[in-house]
Amino acid sequence: MQVTDTLNEGLKRGFTITIPAAELAEKRDARLKEVAANLTLPGFRPGKVPVSLARQRHGEAVRAEVLEQAVSESLRSALEERGLRPAGQPQVELVSGQEDDGKDLEFKVETEILPEITVPDLSDLSLTRLKAVASDEAVDKILADVAKRQRSFETIEEVRPAVKGDVVSVDFVGKRDGVPFDGGTAQDVNVEIGGEGFIPGFAEQIEGMKPGEEKQITVTFPENYGAEELAGKEATFDITVKELKKPVDAPIDDELAKQLGFETLEQLRDLVRKQVEGEYDQLSRLRIKRDLLDALATKTDFQAPQGMVDAEFQQIWQRVEADRKAGQLDDEDKDKDEDTLRADYRKIAERRVKLGLLLAEIGRKNAITVTQDELGRAMRAEAMRYPGQEKEVFTFFQNNPQAIESLRGPIFENKVVDYLIELAKVEDKEVTPEELSDIPPADI
């Protein structure tokens with residue numbers, strides 16, 4: 001094998017590899033002998049099929065197999081000899097030898113490589129961990145929401161128009177162009193006047209109706225409505241009001257706790273408090289991780305492979321365009337033109353790539369790895385997101401190694417982050433839940 005360097009610019013490398021035709025022929029002949037030894041053909045004893053017959057039947061497939069293997073092995077050897085770590089899949093262009101014409105195999109290779117990364121001095125890392133306490137008021141608010149979800153409804157005997165706060169029991173038939181549509185008909189549906197959960201304009205037009213009254217209303221489904229055939233479309237509903245009800249929240253007491261599977265209200269309060277503090281801990285983790293990444297970003301004094309930046313930018317930009325079409329751009333982005341948006345998000349893409357490479361190098365240098373148990377827990381957690389389909393989720397992971405690798409990345413990153421937080425000087429600071437939730441944008 002002969003390797004000739006052809007490109008060395010920044011992180012781009014290129015070379016030409018030549019493999020003598022005689023070497024390829026030797027490998028083809030050896031492989032054909034293996035194929036012949038395992039062929040089973042009428043008239044021949046096992047292992048006695050002539051190589052010439054194997055060549056006649058499988059010569060093309062064997063030639064392609066040997067060619068692919070030769071390219072792969074020689075490319076890997078050339079990269080290892082030069083100590084190069086590709087930043088992506090190398091581009092290979094066959095020049096000659098791919099046909100059975102007796103010529104040497106020659107192919108060109110171009111690739112971007114990972115930069116040389118020196119792990120910076122981390123002894124000066126100083127971080128602040130924000131902590132918030134679950135107040136009695138926060139717990140009471142959640143318990144009030146729980147009581148509201150457990151509420152009952154009392155019939156209002158007085159015949160009067162429905163007002164805000166009333167719950168109206170209605171029958172309705174939804175139509176498009178005068179024709180009922182699937183899923184648009186229901187009976188005895190509770191609609192809260194002034195509440196949420198229905199199409200905008202639906203409950204508002206029922207306000208003022210009395211039991212026994214009928215009315216046709218017109219509404220427009222939201223653009224992001226789940227049923228594509230109705231999204232953004234106008235429809236009518238024939239409404240019949242059957243009765244008015246008054247919602248009555250459940251008392252916040254031991255009886256409410258028992259309905260939810262607890263022995264006492266105090267047990268329920270303790271669980272709610274732990275859940276709230278668990279959410280605060282997650283926010284605290286997010287904040288200190290952001291601060292850590294901001295600190296590390298100032299230490300990424302190496303060049304990022306442009307192919308990796310391009311790929312990261314494309315993923316980000318697809319989400320930005322989707323948000324823009326849906327009218328959901330962040331306030332700070334709404335007034336920016338496309339060129340400015342692209343420049344800003346390309347900086348974010350470059351930051352992410354550099355931080356990813358630095359974290360990977362820190363993890364490699366400190367022998368941080370992801371265990372099979374950790375991957376197993378991640379797969380189980382993913383499966384739990386799809387109740388009733390857990391077996392299918394596990395089968396998907398078993399059949400798709402790349403899907404398992406998509407779980408490995410976040411686990412590895414979090415382990416490296418935990419390692420760095422342990423190294424850093426961390427000061428705990430108590431703040432309000434509002435201050436904890438006010439997460440600033442990343443420094444770019």
Side-chain angles (χ1 to χ4, degrees), residues 1-24 27 63-99 103-120 296-317 342-343 345-370 401-402 405-406 408-409 412-413 416 444:
M1 179 182 79
Q2 178 181 347
V3 182
T4 304
D5 293 297
T6 58
L7 176 63
N8 187 343
E9 295 177 1
L11 295 177
K12 293 182 178 180
R13 297 290 185 274
F15 37 86
T16 298
I17 298 177
T18 303
I19 302 175
E23 183 179 328
L24 288 176
K27 290 181 177 181
R63 187 179 61 80
E65 177 188 333
V66 169
L67 185 69
E68 181 179 354
Q69 186 177 23
V71 170
S72 177
E73 290 179 351
S74 58
L75 173 55
R76 182 172 61 251
S77 176
L79 291 170
E80 289 176 353
E81 286 177 2
R82 286 158 176 74
L84 303 178
R85 292 187 295 163
Q89 186 66 31
Q91 296 180 344
V92 176
E93 178 188 353
L94 292 175
V95 177
S96 66
Q98 63 266 41
E99 303 295 336
K103 292 183 179 179
D104 293 345
L105 173 63
E106 180 180 338
F107 61 96
K108 296 179 181 178
V109 178
E110 286 195 6
T111 187
E112 267 194 303
I113 61 170
L114 295 176
E116 289 292 329
I117 300 173
T118 302
V119 175
L296 290 177
T298 65
K299 301 176 182 292
T300 54
D301 57 349
F302 52 84
Q303 183 182 354
Q306 287 307 298
M308 295 180 71
V309 175
D310 290 342
E312 183 68 26
F313 172 75
Q314 287 303 322
Q315 288 188 357
I316 296 173
W317 191 248
R342 282 181 172 272
Y345 281 103
R346 189 164 188 85
K347 289 179 182 177
I348 292 174
E350 185 169 359
R351 168 193 160 99
R352 289 185 182 178
V353 169
K354 284 186 172 183
L355 284 172
L357 291 174
L358 179 56
L359 290 174
E361 187 65 12
I362 292 171
R364 188 176 72 86
K365 289 285 180 65
N366 292 279
I368 297 173
T369 59
V370 178
Q402 70 274 17
E405 290 306 306
S406 72
R408 186 187 301 274
F412 176 80
E413 179 179 299
V416 177
I444 57 172

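Basis for what follows: all heavy atoms, side chains included, without hydrogens, waters or symmetry-related copies.
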Inset, instruction - Could you tell me whether E9 atom CD has more than 12 heavy atoms of other residues or ligands within 6.0 Å of it? - result: no
Legend entry - Inter-residue atom distance E413.CD - I368.CD1, 0.5 Å rounding: 12.0 Å
Legend entry - Spacing of CD belonging to E68 relative to CD belonging to E73, to within rounding of 0.5 Å: 10.5 Å
Legend entry - Under the side-chain contact (heavy atoms from CB on, under 4.5 Å) test, residues paired with Q91 that sit two or more places apart: none
Inset, instruction - Measure the CG-CE distance between D104 and M1 for me, rounded to the nearest 0.5 Å. - result: 13.5 Å
Legend entry - Cationic N near anionic O, under 4.0 Å, R364 to E361: yes
Inset, instruction - Would you indicate whether K103, at its atom NZ, is surrounded by more than 12 heavy atoms from other residues, nucleotides or ligands within a distance under 6.0 Å? - result: no
Legend entry - Minimum heavy-atom distance V309-A349, with the two atoms named: O-CB, 3.9 Å
Legend entry - Gap between atom CZ of F313 and atom CZ of R352 - 0.5 Å precision: 11.5 Å
Legend entry - Point-to-point distance, once rounded to the nearest 0.5 Å, from CZ of R351 to CG of L296: 9.0 Å
Result block: side-chain N/O donor-acceptor pairs under 3.5 angstrom for residues 105-117, not counting sequence neighbours:
{"unit_1": "E112", "atom_1": "OE1", "unit_2": "Q306", "atom_2": "N", "d": "3.3"}
{"unit_1": "E112", "atom_1": "OE1", "unit_2": "G307", "atom_2": "N", "d": "2.6"}
{"unit_1": "E112", "atom_1": "OE2", "unit_2": "Q306", "atom_2": "N", "d": "2.8"}

In residues 12-23, what donor-acceptor pairs under 3.5 Å come from side-chain atoms, sequence neighbours left out?
{"unit_1": "R13", "atom_1": "NH1", "unit_2": "N8", "atom_2": "OD1", "d": "3.0"}
{"unit_1": "R13", "atom_1": "NH1", "unit_2": "G10", "atom_2": "O", "d": "2.8"}

Legend entry - Atom pair CZ/CD of R408 and E405 - distance to nearest 0.5 Å: 4.5 Å
Legend entry - Heavy-atom check, side chain of T300 versus side chain of L357, under 4.5 Å: no
Inset, instruction - Would you mind reporting whether S72 and R76 have side-chain heavy atoms less than 4.5 Å apart? - result: yes
Legend entry - 4.5 Å side-chain heavy-atom contact, L358 and K354: no
Inset, instruction - Could you list the residues that satisfy side-chain hydrogen bond (donor to acceptor under 3.5 Å, both in side chains) with Q2, not counting sequence neighbours? - result: none
Inset, instruction - Output yes when R346 and E350 qualify as a salt bridge under the 4.0 Å nitrogen-oxygen rule, no when they do not. - result: no
Inset, instruction - State which residues pass ring pair (Phe, Tyr, Trp, His ring centres under 6.0 Å) with F412; sequence neighbours excluded, sorted by chain then number. - result: none
Legend entry - Under the side-chain hydrogen bond (donor to acceptor under 3.5 Å, both in side chains) test, residues paired with R85 that sit two or more places apart: none
Inset, instruction - List the atom of A70, the atom of L24, and the distance in Å for their closest heavy-atom pair. - result: CB-CD2, 3.7 Å
